[in-house]
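Treat the numbers as computed from the prediction; the structure is a model and nothing was measured.
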Amino acid sequence: MSTHVQWEQAEPGVKRKIFPPGDSIMMMEVHFEEGAVGYEHSHPHEQFTYCLRGQFEFTIDSKTHIIGPGETIFIPGGAKHGAKALQAGAIIDTFTPLREDLLNR
């Protein structure tokens, strides 16, 4: 399986690269400009997010959480969530099961 991945625009000020998936788990790296927003959405997949750098404000089911470098946040399947970059930064998102909506575009 190829490990070459392309960056793509996700939202204004947000770009991502989706890595080749495993059988039931996948991950992507996401870069945010300061103030950029990952729009609120939900999906049935469980998600762990790890902050590489910067500072992010996550809203999960109307509760606000702030994470910084080296910190993680868990997002349960079905939870309505979004993020805002309080500082320019980067995160790693991991999903299980596979997000076919992202893989089959």
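Atom CD1 of Ile25 sits about 10.0 Å away from atom CD of Glu46, to the nearest 0.5 Å. Taken from CD1 in Ile66 to NZ in Lys84, the straight-line distance is 10.5 Å, to the nearest 0.5 Å. From Glu57, atom CD reaches atom CD of Gln87 across 12.5 Å, with rounding to the nearest 0.5 Å. In this structure, the separation between CH2 on Trp7 and CE on Met28 is 10.5 Å, given to the nearest 0.5 Å.
In plain terms, the two heavy atoms of Pro97 and His45 that are nearest each other are O-CD2, 3.2 Å. Between Ala90 and Phe56 the shortest heavy-atom distance is N-CZ, 3.7 Å. Shown here for Phe58 and Ala83, the closest heavy-atom pair between the two residues is CE2-CB, 3.7 Å. In terms of heavy atoms, Val37 sits closest to Val14 at O-CG2, 3.9 Å. When all heavy atoms of Ala36 and Gly13 are compared, the closest pair comes out as CB-O, 3.5 Å. The nearest pair of heavy atoms linking Phe32 to Gly38 is CE2-N, 3.7 Å.
Partner of His81 under the side chain to side chain donor-acceptor pair (under 3.5 Å) criterion, chosen from His41, His65, Glu40: His41. The one candidate from Val30, Ile18, Ile75 that meets the side chain to side chain contact (heavy atoms under 4.5 Å, CB included) condition with Asp93 is Val30.
Aromatic ring orientation, Phe74 versus Phe48: tilted (interplanar angle from 30° to 60°).
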- Task: Please assess Ile67 against Thr72 for the test side chain to side chain contact (heavy atoms under 4.5 Å, CB included), listing each intermediate value before the final yes or no.
- Result: CA-CA 7 Å; Ile67 65 169; Thr72 63; over 6 Å; no

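For Lys63 and Asp61, the salt-bridge test fails: no basic side-chain N is under 4.0 Å from an acidic carboxylate O.
Using a 3.5 Å distance cut-off with no hydrogens or angles, the side chains of Gln47 and Thr49 do pair a donor with an acceptor.
Neither Tyr50 nor Leu86 shares a network with the other; the hydrophobic side chains, linked directly or stepwise wherever heavy atoms of I, L, V, M, F, W or Y lie under 4.5 Å apart, form separate groups for each. Both Leu103 and Phe95 belong to a single network of hydrophobic side chains, linked directly or stepwise wherever heavy atoms of I, L, V, M, F, W or Y lie under 4.5 Å apart.
Looking at Leu52 and Pro69, their side chains never come closer than 4.5 Å, going by heavy atoms from C-beta outward.
Applying the side-chain hydrogen bond (donor to acceptor under 3.5 Å, both in side chains) definition to pairs two or more places apart or across chains, those involving residues 13-34 are Glu8-Arg16, Glu29-His31.
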